[in-house]
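See structure below.
Excluded from the calculations below are hydrogen atoms, water molecules and symmetry mates; all remaining heavy atoms, backbone and side chain alike, are included.
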Amino acid sequence: MSETVIRVGDQVATFINVFDVDPSQQQELIAILDEGAEKVMRHRPGFISVNVLASVDGTRVVNLAQWRSPDDIKATAGDPEAQVFAKRAAEIARAVPQAYKVVSVHHA
């Protein structure tokens with residue numbers, strides 16, 4: 001079992017997709033992302049974790065995913081099954097996907 005761990009220097013590829021969504025459709029978008037994670041993403045090579053965060057005001061959803069490598073992200077983006085969920089999400093929200101690297105982490 002894997003879980004999300006965020007550390008500087010890890011060789012983990014982080015993919016964050018920020019969605020702007022009408023508050024009336026935020027729950028629908030979350031359901032699409034959760035279904036895609038369960039049916040497709042978690043079964044893809046290199047998958048580590050997906051975390052879905054919802055803004056309190058209902059206008060945004062953040063999908064934070066970790067993969068073993070950037071190539072795993074690219075391969076998943078090209079997977080026709082994954083594209084079905086991306087298309088469904090794009091029908092109700094504007095997405096801003098981007099790969100990231102962890103540059104600092106601070107704890108209490």
Side-chain angles (χ1 to χ4, degrees):
M1 185 170 122
S2 62
E3 60 183 48
T4 303
V5 176
I6 299 173
R7 285 190 291 248
V8 175
D10 272 359
Q11 298 303 309
V12 171
T14 302
F15 179 80
I16 300 174
N17 200 348
V18 179
F19 294 88
D20 290 322
V21 63
D22 185 278
S24 67
Q25 294 183 297
Q26 187 189 53
Q27 288 304 313
E28 181 182 355
L29 177 59
I30 291 167
I32 291 167
L33 296 175
D34 285 345
E35 183 182 359
E38 283 300 313
K39 289 186 174 178
V40 179
M41 303 305 171
R42 65 189 298 262
H43 303 287
R44 294 284 309 160
F47 174 83
I48 297 172
S49 67
V50 167
N51 300 270
V52 178
L53 298 87
S55 68
V56 175
D57 69 359
T59 63
R60 289 213 171 90
V61 173
V62 176
N63 181 359
L64 186 154
Q66 290 183 319
W67 298 87
R68 300 251 179 258
S69 74
D71 288 339
D72 294 324
I73 295 171
K74 188 183 289 186
T76 298
D79 180 323
E81 289 184 63
Q83 290 173 358
V84 168
F85 290 96
K87 184 177 180 179
R88 285 177 55 198
E91 290 173 355
I92 63 169
R94 185 179 67 82
V96 183
Q98 186 67 43
Y100 291 83
K101 67 178 179 177
V102 177
V103 295
S104 66
V105 175
H106 307 271
H107 297 281

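- The distance from the NZ atom of Lys87 to the CD1 atom of Ile32 is 12.5 Å, given to the nearest 0.5 Å.
- Separation of atoms CE (Met41) and OG1 (Thr76) is listed at 6.5 Å; rounding is to 0.5 Å.
- Listed for the Asn63 side chain is no donor-acceptor partner under 3.5 Å among the backbone atoms of Val52.
- Gln26 places a side-chain N or O within 3.5 Å of a backbone atom of Ser55 that can act as its donor or acceptor partner.
- To the nearest 0.5 Å, the span separating OH on Tyr100 from CZ on Phe15 amounts to 9.5 Å.
- The same ILVMFWY cluster, assembled from side-chain heavy atoms under 4.5 Å apart, contains both Val21 and Ile30.
- Heavy-atom minimum distance, Ala89 versus Leu29: CB-CD1, 3.7 Å.
- Remark: side-chain polar atoms of His43 are paired, donor with acceptor, to backbone N or O of Glu38 under 3.5 angstrom.
- Atom CD of Gln98 and atom OG1 of Thr14 lie 12.0 Å apart (nearest 0.5 Å).
- Once rounded to the nearest 0.5 Å, the distance linking CG of Asn51 with CD1 of Ile6 reads 7.5 Å.
- Put simply, the side chain of Gln66 reaches to within 4.5 Å of the side chain of Thr4, judged on heavy atoms.
- Taking hydrophobic clusters as Ile, Leu, Val, Met, Phe, Trp and Tyr residues chained together by side-chain heavy-atom distances below 4.5 Å, Leu53 does not share a cluster with Phe19.
- Residues Asp57 and Thr59 have side chains that bring a donor and an acceptor to within less than 3.5 angstrom of each other.
- Summarising the geometry of Phe85 relative to Val40, their closest heavy-atom pair is CE1-CG2, 3.6 Å, with the distance given to 0.1 Å.
- Under the 3.5 Å distance criterion, the side-chain polar atoms of Gln83 are matched with a main-chain donor or acceptor of Ala77.
- Rounded to the nearest 0.5 Å, atoms CD (Glu28) and CZ (Arg88) are 8.0 Å apart.
- Here the side chain of Gln11 pairs a donor or acceptor atom with the backbone of Gly9 at under 3.5 angstrom.
- Both Leu64 and Val18 are part of a single hydrophobic cluster, where members link through side-chain heavy atoms under 4.5 Å apart.
- Nearest heavy-atom pair across Gly46 and Asp72 is CA-OD2, 3.3 Å.
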Working for side chain to side chain donor-acceptor pair (under 3.5 Å), residues Asp71 and Ser69: CA-CA 5 Å; Asp71 288 339; Ser69 74; 4.9 Å; no

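- No donor-acceptor distance shorter than 3.5 angstrom exists from the side chain of Gln25 to the backbone of Ala93, with no hydrogens or angles considered.
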